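Just so it is clear, the model here is predicted, and its values are computed rather than measured.
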Protein chains: 2
Amino acid sequence: MIYSIGAFSKVTGLSIDTLRYYDKEELICPNRDGNNRRTYTDSDKTWVAFILKLKETAMPIKQIKRYAKLRYLGDETVEERLEMLYDHRIFMLDLKKKLDENIDHLNDKIAAFEGKLNKKCNKIKC
Amino acid sequence: MIYSIGAFSKVTGLSIDTLRYYDKEELICPNRDGNNRRTYTDSDKTWVAFILKLKETAMPIKQIKRYAKLRYLGDETVEERLEMLYDHRIFMLDLKKKLDENIDHLNDKIAAFEGKLNKKCNKIKC
DNA sequence: ATTTGACATGGAGTACACTCCAGCAACTAT
DNA sequence: ATAGTTGCTGGAGTGTACTCCATGTCAAAT
């Protein structure tokens, strides 16, 4: 299956401008047809899904770009990419730890507020 | 305990420029001394710690600002702030879900890569 | 034949969250 | 008294990740 930029925009949810921006940044490198128009494949679709996952966990474009470069270089770069993924896993586990702590903190905060509200309610007899 | 902007910058780890920016944005509103210099208190320290937690979980400045406004208005705004915290908790739990999914996905990806590497190793007999 | 529509490019503009700088005031140490 | 340090303001500049725009090409529809 081959997609024009408009069709690909629809299936990925990325805007046409964003796709062109990603092309310029060499994040997603589509082929071109006889009229110099970008042609995207299903393999690009898989790749976009992965990029979006990396982005969801705050991997900056530059780093994704580095990964993309390695990916386009082929199988010889598997080790290097694996290293990147190991690093990213550490980053994500750290993020998860922080997030869990923050959720705990938020729960404490909410409990404190609820206590405060109850006292207030008692005072005004409701 | 009262802190000058420089001292407060050191205890919070926020740069002097950031503190002035947060003041301008009405996120942290320090008092001023006779020479119009900002004076921060220990209560501001607690507040900064909370702001940093909100920021760590991607709450945008504008939203923190709204919270700050309510906070400076005093106890009558507790209900409203509690609402914001409830919303933020939902946001954070959602973030956590996404993050957990992404970690799972990353683990799968890593496992796939490791399999690929092993095959390669077998091919070249190492 | 011309209009329409999707696509192309280069470059400007935007939002966010800072970060830096020029120019000035006031206290502090020598 | 002069230099140094710390602080003040307003405004400009930075990096990231888009987003928008003017202008132009090409194939298909009318």
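The closest side-chain heavy-atom distance from B/Leu14 to B/Phe8 is not below 4.5 Å. Annotation: side chain of A/Leu82 is in contact with side chain of B/Ile110 (closest heavy-atom distance under 4.5 Å). Between A/Val48 and A/Tyr40 the shortest side-chain heavy-atom distance does not fall below 4.5 Å.
Residue A/Arg38 places none of its side-chain N or O atoms closer than 4.0 Å to OP1 or OP2 of C/dC7.
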What donor-acceptor contacts under 3.5 angstrom involve side-chain atoms of residues 90-101 of chain B, with partners at least two apart or in another chain?
from	atom 1	to	atom 2	distance (Å)
B/Lys96	NZ	A/Asp100	OD1	2.8
B/Asp100	OD1	A/Lys96	NZ	2.8

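For DNA chain D, the neighbouring residues in residues 13-37 of chain B, judged by any heavy atom under 4.0 Å, are B/Ile16, B/Arg20, B/Arg32, B/Asn36, B/Arg37. Using a 4.0 Å cutoff on non-hydrogen atoms, no part of residues 40-70 of chain B comes near DNA chain D. Taking every heavy atom of residues 2-10 of chain B and every atom of DNA chain D, pairs under 4.0 Å involve B/Ser4, B/Ile5, B/Gly6, by number.
The side chain to side chain donor-acceptor pair (under 3.5 Å) analysis of residues 62-72 of chain A, with sequence neighbours excluded, yields the pairs A/Glu25-A/Lys65. For the side chain to side chain donor-acceptor pair (under 3.5 Å) condition, the pairs that include at least one residue of residues 3-18 of chain B, sequence neighbours left out, are B/Tyr3-B/Asp42, B/Tyr3-B/Lys45, B/Ser15-B/Thr18. Residue pairs that meet the salt bridge (charged side-chain N to carboxylate O under 4.0 Å, His left out) test with at least one member in residues 77-86 of chain A, sequence neighbours left out, are A/Glu79-B/Lys120.
For A/Asp75, the salt bridge (Lys or Arg N to Asp or Glu O under 4.0 Å) partners two or more places apart in sequence, or in a different chain, are B/Lys116. Partners of B/Arg20 by salt bridge (Lys or Arg N to Asp or Glu O under 4.0 Å), not counting sequence neighbours: none found. The side-chain contact (heavy atoms from CB on, under 4.5 Å) test applied to A/Asp87 returns no partner, not counting sequence neighbours. Qualifying side-chain hydrogen bond (donor to acceptor under 3.5 Å, both in side chains) partners for A/Glu114, counting only residues two or more places apart in sequence or in other chains: B/Tyr86.
For DNA chain D, the span of nucleotides reached by chain A at under 4.0 Å from its heavy atoms goes, 5' to 3', from D/dT16 to D/dA27.
Classification of B/Arg38 and B/Asp44 as a salt-bridged pair fails, no side-chain N sitting under 4.0 Å from a carboxylate O.
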